[in-house]
Protein chains: 2
Amino acid sequence: MKNKAAEPTKDTFKHFFNGAFSVDIVLIAYLDGSLKFLLQKKQDYPLVNEWGLPGDLILPEQDTDKAIDELLIKNIGHSDVFKSNLRAFSELNRHPLGRIITIAFYGLISFDKVPNKLPENFKWANLEANYELTLDHNHILEEAKKKFKENLIQKPVVFNLLPEKFIISDLIKIYELAFDKKVDVANFRKRIVSSKMIRSTGEFKQRYKSHGRPAEYYTYEGPTKKKSEKESILFNF
Amino acid sequence: MKNKAAEPTKDTFKHFFNGAFSVDIVLIAYLDGSLKFLLQKKQDYPLVNEWGLPGDLILPEQDTDKAIDELLIKNIGHSDVFKSNLRAFSELNRHPLGRIITIAFYGLISFDKVPNKLPENFKWANLEANYELTLDHNHILEEAKKKFKENLIQKPVVFNLLPEKFIISDLIKIYELAFDKKVDVANFRKRIVSSKMIRSTGEFKQRYKSHGRPAEYYTYEGPTKKKSEKESILFNF
DNA sequence: ACAAAAGTGTTCTGATTACACCCATGC
DNA sequence: GCATGGGTGTAATCAGAACACTTTTGT
């Protein structure tokens with residue numbers, strides 16, 4: 001017992017510290033009547049000219065959230081988006097440079113905050129299109145889409161895709177696109193209005209080159225003040 | 001243009017490869033009529049004698065899923081549990097040894113698979129108790145509990161806490177414990193039986209030292225075959 | 001016989017569905 | 001006037017909440 005090895009120190013653990021981290025983001029927007037996500041053409045070795053999710057290697061001393069913000073600021077000019085930590089992707093051989101675990105985020109940006117011009121190596125792609133992305137980015141994209149859809153029905157995240165003032169038909173359109181299903185407009189409208197989550201502004205959308213009654217602008221008021229707070233709980237699957 | 005720097009190589013990225021990874025798991029069980037989670041007293045420098053979630057540093061060449069399985073096998077004798085990738089925890093100064101990003105899992109183990117004897121430095125703790133855990137493990141625990149509860153109402157994960165054959169009152173008890181609310185037994189029962197998710201076995205639980213009508217054992221049949229598959233979609237918040 | 005736990009039935013209410021109808025505008 | 005998109009009303013149905021009641025056991 002007295003003959004035990006030397007006390008461990010930080011140095012004892014050196015061999016654990018040979019891994020790298022990166023961040024990637026699936027940034028979703030509602031643009032031109034369809035759902036899109038942001039793509040980046042990689043320019044650095046070893047992925048030159050491959051398309052993938054916006055992302056970067058980070059240094060061990062870099063914070064992941066800040067790294068995402070910096071990435072966004074650099075490329076779309078600001079980081080004013082809704083961000084949610086998706087999960088880590090850690091498959092052993094996911095990256096040719098060595099063991100890199102990536103922290104994936106999914107984000108939502110409202111269309112009024114989408115810049116008119118993107119850097120040359122960025123583009124918006126249709127969320128439903130099939131792209132061959134680099135590394136495991138198709139996998140990350142799928143998981144993000146899954147979480148996005150779950151969130152859409154469970155939490156008021158839609159509003160992050162829309163400006164302060166929006167029209168209900170855009171709200172509905174997003175659901176129809178995301179789930180590829182029709183929405184009963186009358187019932188959707190009644191439910192969302194009666195929930196008090198949105199409030200009418202009295203302003204109306206002027207229409208150009210189309211007719212029909214002008215749509216009223218609504219604005220998001222925050223989550224529902226739980227109406228009833230059920231006494232008994234029950235599963236729902 | 002011709003004067004550009006040398007082509008980058010793997011070596012160019014060396015400075016990114018100074019980070020470490022770990023895995024941690026919040027393993028939940030339904031034991032002795034309450035919900036518990038597994039705790040480990042750390043024995044290695046620099047966390048000696050601090051209690052935290054079961055977990056370990058992993059080498060850059062180790063797979064995270066395998067690492068969790070090995071951890072479980074070593075300490076509870078098998079890895080036959082339901083596991084779900086929670087997310088990565090990456091705060092800059094979460095670990096005294098340096099930048100270590102941990103991949104957190106949450107897991108569910110059925111009480112018939114819980115070993116009678118645990119290693120000395122492991123114990124089951126009440127899920128609702130307040131412990132001072134090492135590092136950011138309280139934070140990880142909270143996120144795991146949140147996801148556990150979400151899952152309970154959204155997906156048929158409860159069955160992972162119960163043996164092949166179980167009685168409905170245990171099923172209900174888990175919900176009551178997790179949400180600290182009463183469940184209307186009659187309605188719960190009707191809903192779960194009519195869902196065809198569980199099937200009665202014809203076997204009954206013999207009771208010792210208590211009276212009351214014997215409970216029938218049920219068994220899980222798999223997820224509901226979507227009864228109606230709604231035409232129109234609607235949010236639910 | 002009675003207490004305790006398991007399991008069933010019935011009523012009432014309110015949410016959800018389906019769909020018909022009305023409104024405001026451009027051409 | 002009529003086509004188009006926005007917006008409201010209503011009747012029928014169905015799922016959920018509440019709770020009383022029956023069954024089977026131990027003591």
Side-chain angles (χ1 to χ4, degrees), chain A residues 33 153-154 162 165-177 179 181-219 224 226-237, chain B residues 33 153-154 162 165-177 179 181-219 224 226-237:
Chain A
I153 44 178
Q154 240 84 61
L162 296 167
K165 295 177 181 176
F166 55 85
I167 59 176
I168 292 185
S169 51
D170 274 335
L171 199 55
I172 289 177
K173 192 77 194 293
I174 292 173
Y175 281 86
E176 296 192 325
L177 289 166
F179 295 95
K181 279 188 185 165
K182 274 286 156 206
V183 167
D184 184 307
V185 183
N187 294 325
F188 186 100
R189 179 174 221 98
K190 263 178 297 185
R191 171 161 345 190
I192 201 143
V193 170
S194 70
S195 79
K196 300 282 176 59
M197 263 184 303
I198 66 174
R199 180 173 52 76
S200 57
T201 62
E203 296 170 52
F204 293 84
K205 177 162 182 170
Q206 295 311 317
R207 33 183 60 268
Y208 312 95
K209 307 185 192 223
S210 104
H211 37 208
R213 176 172 168 179
E216 183 161 12
Y217 280 112
Y218 281 77
T219 184
T224 331
K226 344 198 153 209
K227 36 192 173 191
S228 51
E229 187 59 57
K230 275 189 279 183
E231 270 307 302
S232 159
I233 67 109
L234 206 46
F235 62 94
N236 185 33
F237 47 84
Chain B
I153 44 178
Q154 238 86 62
L162 296 167
K165 293 176 182 178
F166 56 83
I167 60 176
I168 292 184
S169 50
D170 275 335
L171 199 56
I172 289 176
K173 192 77 194 295
I174 292 173
Y175 281 86
E176 296 192 324
L177 290 165
F179 295 95
K181 281 188 185 165
K182 274 285 156 208
V183 166
D184 184 305
V185 183
N187 294 326
F188 186 100
R189 180 173 220 98
K190 262 177 298 185
R191 176 171 331 197
I192 200 142
V193 171
S194 70
S195 80
K196 300 282 177 60
M197 262 184 303
I198 66 173
R199 180 173 52 77
S200 57
T201 62
E203 295 169 53
F204 293 85
K205 176 161 183 170
Q206 295 311 316
R207 28 184 63 268
Y208 312 95
K209 309 188 191 218
S210 104
H211 38 208
R213 175 172 169 178
E216 183 161 11
Y217 281 112
Y218 281 76
T219 184
T224 331
K226 342 199 155 209
K227 36 193 174 193
S228 51
E229 187 59 58
K230 275 190 280 184
E231 270 307 303
S232 158
I233 67 110
L234 207 45
F235 64 93
N236 185 33
F237 48 83

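Just so it is clear: chains get the letters A, B, ... in the order the sequence lines come, proteins before strands, and each one is counted from 1. Note that the structure is predicted; figures quoted are calculated from it, not measured.
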What is the distance, to the nearest angstrom, from the [atom1] atom on [X] to the [atom2] atom on [N]?
{"X": "Asn187(A)", "N": "dA15(C)", "atom1": "CG", "atom2": "C1'", "value": "10 Å"}
{"X": "Tyr217(A)", "N": "dG5(D)", "atom1": "OH", "atom2": "P", "value": "17 Å"}
{"X": "Ile167(A)", "N": "dG5(D)", "atom1": "CD1", "atom2": "P", "value": "12 Å"}
{"X": "Leu234(A)", "N": "dA17(D)", "atom1": "CG", "atom2": "C1'", "value": "10 Å"}
{"X": "Lys205(A)", "N": "dC23(C)", "atom1": "NZ", "atom2": "C1'", "value": "19 Å"}
{"X": "Phe188(B)", "N": "dA15(D)", "atom1": "CZ", "atom2": "C1'", "value": "17 Å"}
{"X": "Ile192(A)", "N": "dG6(D)", "atom1": "CD1", "atom2": "P", "value": "16 Å"}
{"X": "Lys173(B)", "N": "dA5(C)", "atom1": "NZ", "atom2": "P", "value": "11 Å"}

Task: Along DNA chain D (nearest heavy atom to each residue), the more 5'-positioned of Ser169(A) and Asp184(B) - done: Ser169(A)

Task: Phosphate contact (dT8(D) OP1 or OP2) by Arg189(A) side-chain N/O below 4.0 Å - done: yes

TODO: Answer yes or no: does a side-chain N or O of Arg213(B) lie under 4.0 Å from OP1 or OP2 of dA4(C)?
DONE: no

Task: Base dT16(C) to side chain Lys190(A), donor-acceptor N/O within 3.5 Å cut-off - done: no

- [ ] Select one nucleotide: of dT16(C), dT25(D), dG7(D), the one nearest the side-chain heavy atoms of Glu216(A).
- [x] dG7(D)

Open item on the list: Using modelled atom types and a 3.5 Å cut-off, is there a donor and acceptor pairing between side-chain atoms of Arg191(B) and backbone atoms of Phe235(A)?
Closed with: yes

Open item on the list: I'd like to know if the side chain of Glu203(B) and the backbone of Glu216(B) have a donor-acceptor N/O pair within less than 3.5 Å.
Closed with: no

